Amino acid sequence: MTADKNFLVGVFDNEEVLLDGISKVRSTGLKIHDVFSPFPVHGIDDALGLKRSRLPRAAFLFGLTGTSLALTMQIWMLGYDWPMIIGGKNFASLPPFIPVTFELTVLLAALGMVATFMIVSDLKPYKWPRQFDVRSTDDKHVMAIDLALNGGKSKEEISRILKDAGASEVNEKNFE
């Protein structure tokens, strides 16, 4: 069985049951592929054992790049390429550069975070997202278990574990 193709999907009615179910499923040794929810559930990252996102580090580096680019650009343009004395100030005086530097820092940080998020999340214009259950966008919480990653357990055993964890229903989903 190939990974990332065949799943068992547990459907949960509310977030308390889902959070309790995640810990029960993980305690049996099953690997959870992902959990989908119509709204943010506090504590779900800790329950799934996910690491903290590195997106803030990327934002800092993109912002630092924006700051460096803005200062380099302004100092080069107004200090060396086309120096003009305006109001008796120096060619490359730092205080007038602050607004442009701030704006370019924010612009590059925001655009860089969006691009990084799209690359990390594998969002492409030609790729359709997987939808394990249509109700996960409305009123149900969905837990997907990849059958290939849990090769030691049968479908029936995984289905029973999901039912014991509080799933109102368990469905099989194939992506071919």
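Keep in mind that what you see is a predicted model, and the values were worked out from it rather than measured.
- Note: Thr67 OG1 to Phe62 CZ = 13.5 Å, rounded to the nearest 0.5 Å.
- Ion pairing between a basic and an acidic side chain is recognised when a charged N comes within 4.0 Å of a carboxylate O; Asp139 and Arg135 show no such pairing.
- Lys155 and Leu147 make their closest contact through CE-CD1, 3.8 Å (heavy atoms, listed as atom of the first residue, atom of the second, distance).
- Summarising the geometry of Val41 relative to His141, their closest heavy-atom pair is CG2-CE1, 4.1 Å, with the distance given to 0.1 Å.
- Listed by chain and residue number, Phe7, Phe132 satisfy the ring pair (Phe, Tyr, Trp, His ring centres under 6.0 Å) test with Phe175 (two or more places apart in sequence, or in another chain).
- Without hydrogens or angle criteria, Ser27 side chain to Lys24 main chain gives a donor-acceptor distance under 3.5 Å.
- Atoms NZ and CD, on Lys163 and Glu169 in that order, are 7.0 Å from each other to the nearest 0.5 Å.
- Thr137 and Pro38 get closest at one heavy-atom pair: C-CB, 4.0 Å.
- Between Lys140 and Asp133 there is no salt bridge, since none of the side-chain N atoms of the basic residue sits less than 4.0 Å from a carboxylate O of the acidic one.
- Listed here is the closest heavy atom pair of Ser136 and Val142: CB-CG2, 3.6 Å.
- By the 4.5 Å heavy-atom criterion applied to side chains, Val25 and Ile145 are counted as neighbours.
- In terms of heavy atoms, Ala59 sits closest to Ala109 at O-CB, 3.9 Å.
- A donor-acceptor pair under 3.5 Å is absent between the side-chain atoms of Ser121 and the main chain of Leu123, judged by distance alone.
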